[in-house]
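For the numbers below, each heavy atom of this structure counts, side chains included, while hydrogens, waters and symmetry mates do not. All figures in this text were calculated on a predicted structure; none of them were measured in a lab.
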Amino acid sequence: MTTAAPLHATPAHNLSASARAEASPLVDDNTYIPRGDVTATLNYFQPPEDGSAPFNYVEKAPEGQPQRNFGDFNMQVPFKDIRGQESNFTLDKDAFKVVSNVPESAERDFVDDDSIKKNYYPEVEKLILDNVPGSNRVFIFDHTIRRSNPDAPRAPVQKVHIDQTPKSAKQRVNRHLPEEAEKLLQGRYRIINIWRPLNGPVQASPLGFASSSTLKDEDLIPIEHRYPDTTGETAGIVYNASQKWHYLSGMKNNERLFLECFDSDSLKSGSQVQGGRVPHTAFADPRTPRGAPGRESIELVGLFSKTTISIMNAHAYHWAKSSGLSAGVPSISTITPPSNLSSNPPSFDAIVIGAGYAGLTAARDLTLSGYKVLLLEARTRIGGRSYSTTTKEHVFDLGGTWVHENQPNVWRNICRYNMQDQLEKSMDYSVGLNEFMLDTKEGRRAMSHDEEDALIEASLLKFINIDSAYGRSLLPDPWFLLSHPSLHPYISLSASDRISQISSALSPTELLALESFILLCSGSTLRKTSFLEFLHWWALCGYSFQGCIAHLDTFAFKDGQSSFAIRFFEEAVATGRLSYVFNAPVTEVKDLVSSGVDVTTTSSQTFHARKIICTIPLNVLTSIAFSPPLPGIKNEAIKIGHMNQCTKIHVVVKGKEMRSWSSIKDPSENAMFYMFGDGIVEDKEVGETHLVVFGADEVKLHPEEDIDVTLGVLREFKEDIDIQDVIFHNWSKDPYSKGAWFFPSPTLTASHVSALRNPNYNIHFASSDWALGWRSFIDGAIDEGGRAAVEVGRELGS
């Protein structure tokens, strides 16, 4: 049940009689904030006199029944103010935790439930992932607004309680995530209340909470919460002198209080979790100044879980016809436990920031060379912008997918791990309609795939033939793009500019095919797509359209990209010289020059090493504070960034007819414009087909914002498709990618790319985003990680 409330605070002296009784303020200054230790009265649970099981009707009680059958018991208890000592308290020991300096929310008013879900829920999900290690599956199932206002649906609760019991926590998993419940209940699952004030600093009705480690099991009494259609359970608390109560004085709007209601690990023998449940209550502070505004707050209640096989990944979504949209998808790329760091970590030779292919390669090569390496990754998984999920026993690659034997670094490692037989072709024209549909403003035109290829090839040859040699004269060797002087006149040329130059030579259908293919590669807009970068791709693919098809979307791993990435990670771990911490976004890198480098994460942990290899994407480098500042041209490149904001959606439809079907739509008018069959999901008599659909920034779609709109967009390709599943990762909103694969605008020049490759003192940079050869591909990431490892190894010496 979600509850928003009117926006009028009630002064503390206008609160209920019981609250006023305690509010004998020391001062009349209504700006005064009570601080320090204090003694106040708490309202505890008193069992029913007849010894029956306690219950409470949430709505009007049935005729002849009391609203509740238990009473209250008041007791004065001392409170310790933890201001300045917040870091001393943890979820595992105390079942509460304080997070400070949270960025301002995009949700400003907190009066509309739909707006809160749209703006505030995603912020809380990210906050959880950043601050609760191992809790990689997040499902927020409720929020409540509380205002000290007679008209408000919910006011601060002055009754000691815990929102969940072990029984109700399990019920929550089964109720909200029924299809995943069996698997989730096998791992660790928790329910945590994320609490914050809305009109801080708090002066009246502060929130009190008792450390879980001081609570005895017999202090908790299950209370049935009877709804018209279901029965839940909370815990009333009886007084015990051993309970140690705390509060955070003057709590501010940029602070969050994590209140753990249940942790399944607390039920395990030998667990380090001390109870995993925190009693809490609002209380009347006797020092509250007369005229102070009544407290306003919001609390979100979420279910967080961890499994040993696969974890749900943030910014990924799965819509199923049977159950609707849910956030998170499982992947073998998630690393559990998220850290193998000892309490006394060794001195590190190198820290690698980022566990994409560049970071995995650098970490592997350095550890194999005998160096002690710490791998820090913001996400809970490896792979960066390439990872896979399995649904219905079928693999879906949510990011980078296709590889080719002509990509030297990829192929070398495929052979290294003996995975040559793990590749399969995406295209298969032997099953289904075997048809290409060209969707134009004038109507739809069915064509063969040979006609499709001929149309796209004809348009591409006109586009690329700027040197009368189809690019071969202008760029004879794509590995030397940065130093080829003949390219300088074309540095500022965009795809849009080049199309304007040849527009009279293009038929309407050629123009549509050309624009679609260019945007399929760049994921941007035609104006922001660099012609030279497209030429670079063309040259890498052998200066032909068939080469592009072979290299860009033909061969994929049967078991997904994550089956490849995990080999790099496991080889590094096997050396015994790799330490790692996942769910550890880096905020600051301080180069001490003569004495190494310090790296600080969002959890305020600081690690030290002799050298650093930073492998995070270009668009994310702005999130790290480098000291001393990076050189001007490198900073300029970081500010420009790259332009790819591609939307990639996997669609499962009933039947096998679409397996050999593809379609192009006008990318200037359609958010999703390229669709093709990529596999059979269920090889039954009817079967289901896996389709891949692409969109670009020309007409941007965020699929999760309105899934009905997204389903409508997908059905525009073919009205009669029966969509069963939709699976995608929103790379644009993912704070650790801020876009898909690298593709630059004309303003990001070869000089910028060259500068990004250069080290700064003890900090080395490696990313597919500035690779020389297969830039923006997995091959380029492996190439860069290997290059940086060699450079760092050379500097470290023996």
Colleague: When you measure from the side chain of Ser660 to the backbone of Tyr429, do you find a donor-acceptor pair of N or O atoms at a distance under 3.5 Å?
Modeller: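 Such a contact is absent between Ser660 side chain and Tyr429 backbone.
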Colleague: Write down the atom of Ala539, the atom of Pro478, and the distance for their closest heavy-atom approach.
Modeller: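 Ala539 and Pro478 have their closest heavy atoms at CB-CB, 3.7 Å.
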Colleague: Closest approach of Ile664 and Ser516, non-hydrogen atoms and distance?
Modeller: CG2-OG, 3.0 Å
Colleague: Please check if any side-chain donor atom of Ser662 sits under 3.5 Å from a side-chain acceptor atom of Glu452, or the reverse.
Modeller: yes
Colleague: Can you see which heavy atom on Phe742 is nearest to which on Leu618, and at what distance?
Modeller: CE1-CD2, 4.0 Å
Colleague: Checking the side chain of Thr554 only, and the main-chain atoms of Leu552 only, is there a donor and an acceptor separated by less than 3.5 Å?
Modeller: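 Flag not set: sc Thr554 to bb Leu552 has no pair under 3.5 Å.
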Colleague: Determine, for Asp722 against Lys321, whether the closest basic-nitrogen to carboxylate-oxygen distance falls under 4.0 angstrom.
Modeller: yes
Colleague: Partners of Phe557 by ring-ring contact (aromatic ring centres under 6.0 Å, His included), sequence neighbours excluded?
Modeller: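 With neighbours one apart ignored, the set is Phe564.
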Colleague: Once rounded to the nearest 0.5 Å, what's the spacing between atom CG of Asp678 and atom NE2 of His690?
Modeller: 5.0 Å
Colleague: With the side chain counted from C-beta on, respond yes when Phe676 and Met427 share a heavy-atom pair under 4.5 Å apart, and no when they do not.
Modeller: yes
Colleague: Evaluate the ring planes of Trp402 and Phe694, with Trp represented by its six-membered ring, and classify them as parallel (under 30°), tilted (30 to 60°) or perpendicular (over 60°).
Modeller: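 Tilted.
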Colleague: Would you say the side-chain atoms of Arg385 and Asn644 include a donor-acceptor pair closer than 3.5 Å?
Modeller: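 On atom types as modelled, these side chains do not qualify, holding no pair under 3.5 Å.
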Colleague: Of Trp537, Tyr470, Trp538, Phe517, which meets ring pair (Phe, Tyr, Trp, His ring centres under 6.0 Å) against Phe545?
Modeller: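 Going through Trp537, Tyr470, Trp538, Phe517 one by one, the ring pair (Phe, Tyr, Trp, His ring centres under 6.0 Å) with Phe545 is satisfied by Phe517 alone.
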Colleague: Are any non-hydrogen side-chain atoms of Ser776 and Phe743 less than 4.5 angstrom apart?
Modeller: no
Colleague: Would you please indicate yes or no on a ring centroid separation below 6.0 angstrom for Phe568 and Tyr417?
Modeller: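 They qualify: ring centres under 6.0 Å apart.
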Colleague: For Trp731, does its backbone N or O pair with a side-chain atom of Ser737 as donor and acceptor, under 3.5 Å?
Modeller: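 Pair found, side chain donor or acceptor close to backbone of Trp731.
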Colleague: Mark yes when over 12 heavy atoms from residues, nucleotides or ligands other than Arg527 sit less than 6.0 Å from its CZ; otherwise mark no.
Modeller: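 Not more than 12 within 6.0 Å, no.
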Colleague: Give a yes or no on whether the backbone of Thr389 and the side-chain of Ser331 come within a donor-acceptor separation of less than 3.5 Å.
Modeller: no
Colleague: Would you check if the side chain of Ser524 reaches a backbone N or O of Asp697 as a donor-acceptor pair within less than 3.5 Å?
Modeller: no
Colleague: Should the pair Glu705-Lys733 be classified as a salt bridge under the 4.0 Å nitrogen-to-oxygen rule?
Modeller: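 Lys733 and Glu705: salt-bridged.
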Colleague: Any chance the side chains of Asp666 and Ser668 put a donor and an acceptor closer than 3.5 Å?
Modeller: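 Present: a donor and an acceptor within the cut-off.
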Colleague: I'd like to check Val651 versus Asp725 (side-chain heavy atoms, cut-off strictly below 4.5 Å). Are they in contact?
Modeller: no
Colleague: When rounded to the nearest 0.5 angstrom, what distance separates OG1 in Thr334 from CZ in Phe582?
Modeller: 9.0 Å
Colleague: Looking only at heavy atoms, what is the nearest atom pair of Gly383 and Leu360, with distance?
Modeller: N-CD1, 4.3 Å
Colleague: Is it true that atom CD of Glu451 has more than 12 heavy atoms of other residues, nucleotides or ligands lying nearer than 6.0 Å?
Modeller: yes
Colleague: Sub-3.5 Å donor-acceptor pair from the side chain of Lys665 to the main-chain atoms of Met672, do we have one?
Modeller: no
Colleague: Between the main-chain N or O of Lys738 and the side-chain N or O of Gln645, is there a donor-acceptor pair closer than 3.5 Å?
Modeller: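 Side chain of Gln645 to backbone of Lys738, a donor-acceptor pair under 3.5 Å: yes, one is there.
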Colleague: Are the side chain of Ser663 and the backbone of Met675 linked by a donor-acceptor contact shorter than 3.5 Å?
Modeller: no
Colleague: Is the NZ atom of Lys558 crowded by more than 12 outside heavy atoms at less than 6.0 Å?
Modeller: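 More than 12 within 6.0 Å, yes.
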Colleague: Would you call Asp114 and Lys118 a salt bridge, using N to O less than 4.0 angstrom?
Modeller: no
Colleague: Taking the side chain from Arg775 and the backbone from Ala771, do they hold a donor-acceptor pair closer than 3.5 Å?
Modeller: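 At least one qualifying donor-acceptor pair exists.
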Colleague: Look at the side chain of Ser767 and the backbone N and O of Pro617, then say whether any donor-acceptor pair between them is shorter than 3.5 Å.
Modeller: no
Colleague: Is there side-chain contact between Phe728 and Thr710, with at least one heavy-atom pair below 4.5 Å?
Modeller: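 No, side chains not in contact.
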Colleague: Mind telling me whether Phe141 and Phe139 have parallel, tilted or perpendicular rings, with 30° and 60° as the class edges?
Modeller: parallel
Colleague: For Phe555 and Trp411, I'd like to know if the aromatic rings sit close, meaning centre-to-centre distance below 6.0 Å.
Modeller: no
Colleague: Compare every heavy atom of Cys646 with every heavy atom of Lys700, then report the nearest pair and how far apart it is.
Modeller: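 The answer is NZ-O, 3.7 Å.
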Colleague: Can you name the nearest heavy-atom pair linking Ile518 to Ala495, along with the distance?
Modeller: CG2-CB, 4.0 Å
Colleague: Parallel, tilted or perpendicular: which fits the ring planes of His729 and His315, with parallel below 30° and perpendicular above 60°?
Modeller: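 Geometry flag for His315 against His729: tilted rings.
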Colleague: Within a 6.0 Å radius of atom CD on Gln420, are there more than 12 heavy atoms belonging to other residues, nucleotides or ligands?
Modeller: yes
Colleague: Tell me whether Arg445 at atom CZ has more than 12 heavy atoms from other residues, nucleotides or ligands lying less than 6.0 Å away.
Modeller: no
Colleague: For Glu688, run the side chain to side chain donor-acceptor pair (under 3.5 Å) check against His394, Lys392, Lys656, Arg659 and tell me which one passes.
Modeller: Lys392
